[in-house]
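Labels below follow one simple rule: chain letters A, B, ... track the order of the sequence lines, proteins then strands, and each chain is numbered from 1. For clarity, every value in this text was computed on a predicted model and none was experimentally measured. Atom set for the values below is all heavy atoms of this structure, side chains included, hydrogens, waters and symmetry mates excluded.
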Amino acid sequence: WDEPSIMEMGAAGRRGITFPEAESAVRDTVGSAADYLPDAVAREDDPALPEVAEPFVVRHYLHLAQETLGFTNISMWGTCTMKYAPTMNEQLEKRHLSNLHPRQDDDTLQGMLEIAHELDGYLQELSGMDRFSFQPASGTQSAFVFTSLLRKYLEDRGELDQRTEIVTTLYSHACLPATADVAGFDVVTLQPGENSYPSTEALEAAVSEKTAALMIVNPNDLGVYNPNVDEWVDIVHDAGGLCFYDQANFNSTMGISRARDVGFDASHYMLHKTFGNPKGGLGPAAGAFGCREELVEYLPTPLVEYDEADDHYSLDYDRPNSVGKVREFWGNLPLVMKAYVWVRSMGAEGIVEASNLSVLGNNYLETLLEDVPGLAKTVENVTQRRMEMTRYSWGELFEDTGVSTVDIRRRLTDFGIDAYWMSHDPWTYDEPFTPEPGEMHSKENIETYAEALRRIAEEAYDDPERVKTAPHNQSIDRVDEERIDDPDQWAMTWRAYQRKFGDHED
Amino acid sequence: WDEPSIMEMGAAGRRGITFPEAESAVRDTVGSAADYLPDAVAREDDPALPEVAEPFVVRHYLHLAQETLGFTNISMWGTCTMKYAPTMNEQLEKRHLSNLHPRQDDDTLQGMLEIAHELDGYLQELSGMDRFSFQPASGTQSAFVFTSLLRKYLEDRGELDQRTEIVTTLYSHACLPATADVAGFDVVTLQPGENSYPSTEALEAAVSEKTAALMIVNPNDLGVYNPNVDEWVDIVHDAGGLCFYDQANFNSTMGISRARDVGFDASHYMLHKTFGNPKGGLGPAAGAFGCREELVEYLPTPLVEYDEADDHYSLDYDRPNSVGKVREFWGNLPLVMKAYVWVRSMGAEGIVEASNLSVLGNNYLETLLEDVPGLAKTVENVTQRRMEMTRYSWGELFEDTGVSTVDIRRRLTDFGIDAYWMSHDPWTYDEPFTPEPGEMHSKENIETYAEALRRIAEEAYDDPERVKTAPHNQSIDRVDEERIDDPDQWAMTWRAYQRKFGDHED
Amino acid sequence: MATHHPHMPNATEEATSAMLSAVGASDVEELYEQIPERLRFRGELGLPEPMTEIELQQHVGGLLERNETCESNLNFKGAGCWQHYVPPVCDEIIERREFLTSEWGSPESDKGRNQAWFEFCSQLGELLELDAVGLPVYSWGNAAGFAMRMAHRLTGRTEVLVPESISPERQSVMENYSRLSSGERRLTIETVAFDPETGELDLDDLRERCSSSTAAVYYESPSYLGTIESGAETIADVAHEAGAECIAGVDPITLGVLDSPATHGADIVVGTTQPLGIHMNGGACSGFIASRDEEEYVVEYPTLLLSVTNTATEGELGYAFMPEQLHRSSYGLREDGNDYTGTSVYLWTIANAVYMSLLGKHGFRELGELVVERSHYAAQRLSAIDGVEVRLSPSFFKEFVVDFEDAPVSASEVNDHLKAEGIFGGVLLGEEFPTLGDAALYCVTEVHTQADVDRLVDAVTEVVEA
Amino acid sequence: MATHHPHMPNATEEATSAMLSAVGASDVEELYEQIPERLRFRGELGLPEPMTEIELQQHVGGLLERNETCESNLNFKGAGCWQHYVPPVCDEIIERREFLTSEWGSPESDKGRNQAWFEFCSQLGELLELDAVGLPVYSWGNAAGFAMRMAHRLTGRTEVLVPESISPERQSVMENYSRLSSGERRLTIETVAFDPETGELDLDDLRERCSSSTAAVYYESPSYLGTIESGAETIADVAHEAGAECIAGVDPITLGVLDSPATHGADIVVGTTQPLGIHMNGGACSGFIASRDEEEYVVEYPTLLLSVTNTATEGELGYAFMPEQLHRSSYGLREDGNDYTGTSVYLWTIANAVYMSLLGKHGFRELGELVVERSHYAAQRLSAIDGVEVRLSPSFFKEFVVDFEDAPVSASEVNDHLKAEGIFGGVLLGEEFPTLGDAALYCVTEVHTQADVDRLVDAVTEVVEA
């Protein structure tokens, strides 16, 4: 489709939906709406929205869906644990959850509360933590729950002024330093050692009586696991800090290792991604934040409580030490429900197998990529098998051919394969990329993926222009991303675009 | 996608769905299933079905959907009254109707029965008939209801042996002579006169004491309305026959002219298509068969009855003169419900406007196609405006360029426009086609459609090979339809294909 | 006067007047010049005022809420429309607008849909072990009726034998197909007795009735009464010895645990595909016709037939209706075609295809065994109640006959009691099969857990022993 | 030991052993060689046995059936999550698997989705009359919190004024954003009084509190208590005179009948998009941030920003995240980025885009007027009941405060009675706003017909006058 913008569609008088007039008794009682709209702010002109008939709205967005590769085929986007989104879950959500109001009385929400309470229990089992909150609206916000909670915790101990630093590592997700900063902490970032994780000595040097907490990911996005993580936790604990475990990369250690057993005080899990909720582009998401007993009082409000005597679930709002709210209401309930379904569908055996297959699939992919020209695995000195993802570098290929990882990423979509994840900033390896097969992709998918990368690498040597001008089979040609760094050229809305370029268009 | 057959997919041990084992108390009570499966017919080998994991089944059929143009853009398929399928209707169906059993007690079906009863009333209003049955599973089967009912009617009057002929016209849909034949009648087909409908004299000559009924369409698929239709009805009535009006082409006369007012004894309407149900490829469908009071006793069983005193709806099975059944149960209820929604959404004014816009849209398209090279309107001597469709002929273009209507039809899909309807057999005009814009397509769509045809016609003169080798933008190349008339080459199933061509494949 | 209806983009003054002016008409009335005034309807249509979408959703939703469903109640009715588990994936696929709204199209533009249809035929062919499978007809009864007419055309004979245990409704559908052209001839449908102990066909009666006039012997397995036909081989032999065709009716969901009738000699196999991923929908129906891939059979199909074929690109596969077969249908030959063909239930075959690929090689057996075990559990528990007898019980698939003749309450009273408990009792058989006592046909499938069955048994016990 | 789970194609002995052998491992244990044994979990996970899909559907469906919903009950709760009509088309589009499951992708491969996001921003921009609209954040409260930090960065100041009528929950979210790095400094959030008669901001109090320390004046229209802010212009003027930013919070569904705060001087406008086609989902949230398209504002967004741009083909449009903005976010600059950015609620913005295009130019006014009329009808009828008073009533949009102080029953008892009648009464305000009496916040939208309101009034009358 050469699909126009919805802003250009339609014609005067067309309607996508109409609403009834108020009943005559209503009109007789209240008169007209205008009487209640203060003149100072009553809108005179209608908004410049399109006038499109309903079938054409549907057709338009249908075409846009068709112009979206998304996860309709192979997608091994690293760090995101791409999983199958069961149709049943969407049916259950729509049927049962769409019409719940968050402020309904507890006794009208017993089914949903039971699900949340049970999921809390399952997460306790998987993590070793003592209690979970589902209020964070994403993984990043889970980290923010931690830094908010940490403040409160330090305040209570009178250490807030003293403990101002949060220690993290460069290969931990950016949300950790970012949320540390937003909560008012100073960030100390440890640089990678030769194994990609910093040395224990570096940590020891960084930790002091100013240390409020350690916040890290493990394994990191390079697929490398820091085997000294328990020592790290001890070091920070000894210094009086707390330890937060970002388990965004949990897919390789589900049932294999538990955050609390390692010694962490708090951890978080992505109910989207890891627990089977679809990505939706970039959300809706839900983070599950768990912590040990001593920190439970600080969790966001409300918490789900169960009274065994009455067999009654309730939301507890009376929590004076809570950090309060990081998001309105008590959680993204559809995601909580679907995470519950995922656990019940998998069971313990299935969850462990998912870890196994994630790690096995990634190692299998590594084997297949071994001799792809111009490609190298990063942190080669770590010879042990990687976890669920591996970071690679096209540095050699780029030097040889001038074809970049961005070019290859674009070319990959021509094979009907989703673009790959490159690397979080900063890029410590040249031209990086980071695939993650997860447990959902078949052995054949992994082979297809490797084969596509091999063909592109060969093509880069044979016909580099072909790769540099990719994509060739998408609905549009290569997008100019540079231009939109210019304030005179960017246009976040159609009205801005019309204002800046309207003359050229008409 | 280069999507394989599902039969080739998967691998040993993969499962798309699993079922639980029977509860232990069940097993303890009954033993194993094998005990109840007679040895003579107990299946030993598993069927040779694929072994595919659930996400891959979804992905496969998703890809097949993506490889389907269908009605995702402009489709002016004549005779089918392409309409918008409101999303709301599908939601209502799934939510409320999917779990109804047809043999539930009447008092558990009051809502659905009320809808059916009300729709019956609306159809009475639109047709002038006295009563409707929703049992026919398609328009064609509505015609079969008529011929079945006709037998019963004649039997009751002792005229079955005498009245053995049904009169129809060549431009009436093939289902009329076909269902006449299946019910045991001989068919008399009147050939077109110069206005495309036969002369009244031809009808008079064909009608006799052997005439059981007249079965016709009006307007016909050429867009021509027989203005003498009431005389025709009189002639047949005078000869003692019944008259059946196939209102498959009702979209131009809704609220404009009524079957019973014209004199017909029975008529039928397509609840799919005309009444807003989606086509589904080729169904599920539903025909509404209506007739005048004297014929009601013969309608299929059951009928919906309403007892005003008790405000109670019921299904009446006790109907000794009924023709019985043409399909199990009492109708395709989701389609009945959605037809009801359509009428309630449109109202009288909307329905008349839909007729107006259908006729106007078709006349507008005619105007735009007027001077397309090589194209001619058929029945040119009928100078009055056509109804909701017009038959055209590419005869001249074919003679000039060798490009056929089938070629153009294929080429049209390259523009993202659905293939067009050509003509029912026999083709009385060379290289025919028959577009029907209906009320759902916008003015701009009609213009786009005309423009595409014009461009293809010009292309046929400039570069006929381009058109003859179309399509060029579809997921597969031109399909060889000829080969599959050969019993050695056709293959209706994968197993037949493997048997006939397996050696070539492996 | 334009309605501006959201579904009609041209229902605006602007669009209408622009088009009118382009066609040179001053108003829409002019467009109807072909219709004489005397045939015009000039009254007001007595229809309710139009509703907006929000009003309609509330209104229709409210009406439909008045129904009781098999979701909020525990349902044991079957009798040709069964409550099986519909994997949500089936819904997702057929709700996709590409499939939901597609038209006829071309084999290239609608390749994906045609392939899905082909995969329906292919997978059903594997279950049936038959190479020729037609596109669907309206219902099992219609499929049986059409098959009977195929047999007539193949043999030139006019007698058809059907089991006495056939669904009266299905038989009624078949009756409407028994007329033959020219008025004087018709097919006669005769019933063959069934064994009162097992429900299986009485083979002696069959042998007696089967003759050189017999066009077809039609049998079913499972029968309408749920019983499995173990004499399939003999039935086919008897038919063939008399020169008749053997037609079998089958519920394909049984084919993980039961042989296809084709492996025991049936020439044509018909049935329904409703159990394969289609919701009951208050009486959803779908019929299929299948046979060996022999030309003499294939040319007699009244359905459209789809074949895999080549495209202009080497090695690429496409899918198209077989043109000559289209011609042989009523679309081509009108009254001289094979019976009649029309819009059917093609969308549902895509749900069937999805269903069969989900269950795959192992699922049908797993499912079949579960159904057999749970339904026999229900039968055994019910028959343990004083005054309640399960008839024809040695081997059935999911349905069985429960006779309340010796109970202090009638089958109908039992159902009334069950309904008050939120249970839909079995379909009453008393009028249709008086020889079975005061009976009802109960259906137990994979959707019924042991707890569900126990709840039924408790409720029946309560009313029978009260 | 393979589970053969339907969602894991490699959960078979065949696939596992083939892959193990390819990677040269004898078992999966070998793959975990990086993890020291002491960190391995060797226990049994105490999780329930896995369920098949059919069991899960019954189990989870059964659990969720225990909830009472706003569909089977008549709901009058709002307070930040409102029951508006969701056109079914919104559902159809976001249920499409391409959108539902999409990842980040590339601007070319996911062009359609990016365009849909752009159309969300574009249409919201038209409602707001603002040229810069960011991609969504988690909730209104988060949007307000981020905007407050933007104002801090723009002005270097640390005091923020918010209306006393703000939702306590929203304020609590904002509080968590009031910390500034280095521990010593923080934003202080102060409340400005509201007029006890109208609910509007007390402009005198505002003028008094607004100073050269004020980073931002934040106001809302409609307020949490439902009232429309007519002093928008003055509020902006007061802020600007003090050199502060003016931030407005708005419910965009009001913008067919009310001006965008931007037209009255607000610099940054935030709010929720939940009313625009998103089901309540037990507390669905979505926040937006918008401003004039001025570089100084744009570089302070903590959200991702998407722009229309060119492609390598002349005249073709594409849509991509603005790279420098991505770099300025925490994804790029980590702790030095603008606040923090993460996965948000992007799928729902597609429902928003569909919703806004359905309503289009005329729909928002039509809808807005209907809501105003019906909600005022409810208020007037309720206030006619003896002992029931509607507070802050001169002009509100859909929510209003009902005070039962003078009634013989408490607001909480009223709710109990209503619940027994299948009605969810308003959200209780007593603890949060004691100055409003024993009050509850009622919400009436287009989903409430006159009959629904009458039913509420009857039920309230019954309990109050009993």
Closest non-hydrogen contact found for A:Y36 with D:S395 is O-CB, 3.0 Å
Is there a side-chain contact between D:M280 and A:L97 (heavy atoms, below 4.5 Å)? no
Turns out that what part of A:R409 lies under 4.5 Å from chain D's heavy atoms comes down to side chain
Is the closest side-chain heavy-atom distance between D:R179 and A:V182 below 4.5 Å? no
Applying a strict 4.5 Å limit to non-hydrogen atoms, the region of D:E233 in contact with chain A is neither
Quiz item: So, are D:D131 and A:R495 salt-bridged, with charged N and O less than 4.0 Å apart?
Solution: yes
Presence of salt bridge, A:K325 and D:E175, under 4.0 angstrom: no
N-O pairing of D:K111 and A:E3 below 4.0 Å = no
Heavy-atom closest pair (A:T29 atom, D:Q380 atom, distance to 0.1 Å) is O-OE1, 3.3 Å
Going through the checks in order, is the side-chain contact (heavy atoms from CB on, under 4.5 Å) test met by A:I6 and D:Q115?
CA-CA 9 Å; A:I6 190 82; D:Q115 181 174 341; over 6 Å; no
Cut-off 4.5 Å, heavy atoms of chain A, and the answer for D:I93 is side chain
Residue pair D:V89 / A:E54, side-chain heavy-atom distance below 4.5 Å
yes
### Query
Under a 4.0 Å N-O cut-off, is there an ion pair linking A:R410 with D:E108?
yes
When the 4.5 angstrom heavy-atom criterion is applied to D:T341 and chain A, the contacting part is backbone
What one should report as the nearest heavy-atom pair of A:T367 and D:A22 is CG2-O, 3.4 Å
Worksheet item: Salt bridge between A:R15 and D:E366, side-chain N to carboxylate O under 4.0 Å?
Response: yes
Subject >> Ring centre gap for A:F144 and D:Y340 strictly below 6.0 Å >> reply: yes
So, the part of D:H376 with a heavy atom under 4.5 Å from chain A: the answer is both
**OP:** Indicate yes or no: does A:D425 engage D:R334 in a salt bridge with an N to O separation below 4.0 Å.
**Re:** no
When the 4.5 angstrom heavy-atom criterion is applied to D:R40 and chain A, the contacting part is both
Practice prompt. State plainly whether the residues D:R374 and A:E23 are in salt-bridge range, i.e. N to O under 4.0 Å.
Written response: yes
When you measure from the side chain of A:R151 to the backbone N and O of D:N176, does any donor-acceptor pair fall under 3.5 Å?
-> no
